[in-house]
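What follows is a single structure, written as C-alpha cells, with notes after it.
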Amino acid sequence: MRKTSGMLKGNYSIVALFSGDEESLYAFTSTSALVIGKGNGTYVVASDMTTISTYSSTYTRVDSNEVVKLSVNHGIQSFVDGVIIQKKYSIIDSMYKKSSFYTNKLLKNNVDFMISEIFEQPSIIDNILNKKKFDINISSILKSNSITIVACGSSYFASLIAREWFENISRVRVNVEISSEFRYRKNNFNRDDMLLFISQSGETVDTIEALNSINFLDNTLSIVNVRGSKITCYSKQSVYMDVGSEFSVAATKTFTAQLACLYRVVKLICDNKKQCDIGQNIGLSHKVSGMNGNIYDNIKGVIDNVIKYCTVHIPVISKFISQYDHLLYIGRGLGYGVALEGALKMKEVAYLHSEGIAIGELKHGTLALVDDKVIVVAIVPSDEFIHKNIINLHEIKARCGKVVVITDMCVYSKFQEFSNLDGFTFLKIPSIKGEFFPFSYSVVVQMLAYYVAKHRKIEVDRPRNLAKSITVE
Ligand code: BG6
C-alpha cells in the first residue's frame with residue numbers, strides 16, 4: 001500500500017481487500033478524511049461520522065501517513081512506516097446518533113430531507129440568536145484591523161450577507177473570499193489579521209487548503225456544524241452550529257444557522273467595542289436587545305409564519321416558474337447575498353439556469369438577457385432601497401421580463417401607491433425587523449426551489465453531479 005500511495009497524485013481515500021487475506025480490510029488516505037470506529041466486535045471505516053455512529057460510540061481519524069488494518073482476529077491496528085501505533089479515540093457527538101434515528105424515520109415516511117430540514121429553521125435560528133452559549137475569544141477579533149472570511153458554495157453566500165452586518169453594524173472592514181481562489185493566491189496578511197473559515201461539513205478540501213495556506217497566522221476561527229471535522233483540527237478557534245446532520249445535499253438549515261452564528265459574532269464585537277451602529281446606518285429604528293437580552297424575541301414565530309405562508313402560496317407560483325428555463329435573482333445590500341443563494345438553490349435542486357445579480361448591476365449588461373422567456377425573482381424587503389428597487393423592477397417589466405417579487409405588505413402598499421401592479425407576481429410574506437430579513441427571505445427562496453423541483457419531478461435530496469461535501473479537489 002505504501003508503494004501504491006507513492007504512485008498516487010492528488011487526494012484519495014482507499015479501502016482495500018486482498019485475495020488470500022479476506023479476513024482483513026486495509027485503509028489509507030491522503031487527506032485524513034477517513035474515520036474509524038469499533039463496537040461489539042464490529043470494526044468500521046467510513047468517510048463520515050454519521051455512518052460510524054450507527055455502529056460505534058467512539059472514533060479516530062486515519063492520518064495521511066498511516067495504514068490501518070481491520071481484522072476479525074486483531075481488531076483495528078494502525079501502522080506508520082510498518083510500526084504499530086496506539087490511536088486516541090474520541091467520543092462521537094450524540095448529534096450523529098440522533099441523526100441516524102431521524103434519517104430512518106423520514107425514509108420510512110418517505111419525507112424529503114430538504115423540506116424537513118427547512119422546517120427545522122425557526123427553532124434553529126431562535127436557538128442560535130437568543131439562547132446558544134457563544135464562547136469565542138473575542139479579543140483576537142477586536143485587535144484585528146480587518147476580517148477575511150473564506151468559504152465555498154452556500155457558505156460563501158452566507159458570508160457575503162454577513163459582510164453587510166459586519167460593515168454596517170460593527171463597522172469592521174471585511175473581505176469575503178472563495179476558498180478555491182484564495183488558496184492559490186499569495187495572500188499578504190499581518191499577524192493580527194483575523195480569518196474566518198465557514199464550512200458546514202468542515203471537510204471541504206478547498207476551504208481546508210485555504211486555511212493551511214495561511215496556517216502561520218494565529219487568528220483563525222472556523223464556524224462548522226460537524227464536531228471533530230478536519231477544519232476544527234487546523235483552526236485556532238472553532239464555533240459549532242450544532243444543528244444536527246444535514247442530509248439534503250442542498251444547504252438549508254445550515255445556511256441560516258451560519259447567518260445566525262455570524263450575526264452573533266457581529267453582536268459580540270458591538271458589545272465589546274461599546275460601539276454599535278445598529279439601525280442607524282440602515283435607517284431602521286429598533287434596539288437590538290429584546291427582553292432578557294434576546295437578540296430577537298419572537299423570531300421563531302415570525303419564521304414559522306413565513307413557512308406557513310409559503311406552504312400555501314409557493315406551490316402555485318412554482319408551477320408557473322417550472323415552465324421557464326432561465327431565471328435571474330436580484331437583490332441589493334443584504335438582499336444581494338439572498339439572491340445569490342436563491343439562484344444556487346434553483347440550480348442545485350431544480351436544474352434551472354439561474355443567476356444571482358446585484359440589482360444595480362442589471363443595466364451594466366445582464367438586462368440584455370431579459371425578455372418574456374426569463375423569470376426575474378426580486379428580493380424587495382422593507383429597507384431604505386424600496387423606491388430604487390420598484391423603479392428597477394419597472395425597467396424589467398418594460399422589457400417583458402416576468403417579475404416575481406418576494407416582499408412584505410409594507411412594500412406592497414408602497415408598490416400600489418407608486419404604480420400599477422400588472423405584470424408582477426407577488427409573494428407578500430410576513431414582515432420581519434430590519435436587518436434580519438435574510439433569515440426569512442432565505443427560507444422563501446429555499447421553498448421556491450424545492451416546489452419547482454417537485455413540479456419538475458426531480459429527486460431533491462440527492463441532486464445529480466453534486467455531493468454534500470467536496471473532500472477531493
Ligand atoms: C457543496 C455542497 O458540496 O459544498 C453545498 O453541495 C455547500 O451545499 C458547499 O454549500 C460548501 O460546503 P461546506 O460544507 O464547506 O459548507
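First listed ligand is number 1; within each ligand, the first listed atom is number 1. Note that this is a predicted model, so its numbers are computed, not measured.
- Which parts of ligand 1 touch Ile470 is read off a 4.0 Å heavy-atom cut-off, strictly below it: atoms 3 (O).
- Between the choices Val249, Ile223, Leu466, Ile208, the shortest heavy-atom distance to atom 8 (O) of ligand 1 belongs to Val249.
- Heavy-atom contacts of Ala251 reach the following atoms of ligand 1: 8 (O) (cutoff under 4.0 Å).
- For Arg464 and Tyr351, the positive end sits near the middle of the six-membered ring, less than 6.0 Å away and at most 45° from its axis.
- Checked for salt-bridge contact, Asp325 and Lys373 miss the test: no charged N lies under 4.0 Å from a carboxylate O.
- Given atom 16 (O) of ligand 1, the protein heavy atom at minimum distance is Ser155 OG, 2.5 Å.
- Closest to atom 4 (O) of ligand 1, if we only count protein heavy atoms, is Lys468 O, 4.0 Å.
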**Asked** When you look at Ile214 and Phe197, which way does the side-chain contact (heavy atoms from CB on, under 4.5 Å) test go after all the steps?
**Response** CA-CA 11 Å; Ile214 49 87; Phe197 294 84; 3.7 Å; yes

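- Crowding of Lys143 atom NZ: a count of heavy atoms from other residues, nucleotides or ligands under 6.0 Å exceeding 12.
- A cation-pi contact, defined as under 6.0 Å to the ring centre and within 45° of the axis, links Lys433 to Tyr296.
- The heavy atom nearest to atom 1 (C) of ligand 1, out of those in Ala467, Ser154, Ser469, is found in Ala467.
- With respect to atom 12 (O) of ligand 1, the closest heavy atom belonging to the protein is Thr204 OG1, 3.4 Å.
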**From CA spacing to verdict: side-chain contact (heavy atoms from CB on, under 4.5 Å), Tyr234, Thr220** = CA-CA 9 Å; Tyr234 299 135; Thr220 55; over 6 Å; no

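- In terms of protein heavy-atom proximity, atom 14 (O) of ligand 1 is closest to Ser201 OG, 2.6 Å.
- At the top of the distance list for atom 11 (C) of ligand 1, counting protein heavy atoms only, stands Cys152 O, 3.6 Å.
- Using a cut-off of 4.0 Å between Lys/Arg side-chain N and Asp/Glu carboxylate O, Arg173 and Glu167 are scored as salt-bridged.
- In terms of N/O distances under 3.5 Å, ligand 1 is approached by Ser199.
- Salt bridge absent: Asp242 and Lys133 never bring a charged side-chain N and a carboxylate O closer than 4.0 Å.
- Protein heavy atom in closest approach to atom 5 (C) of ligand 1: Glu348 OE2, 4.0 Å.
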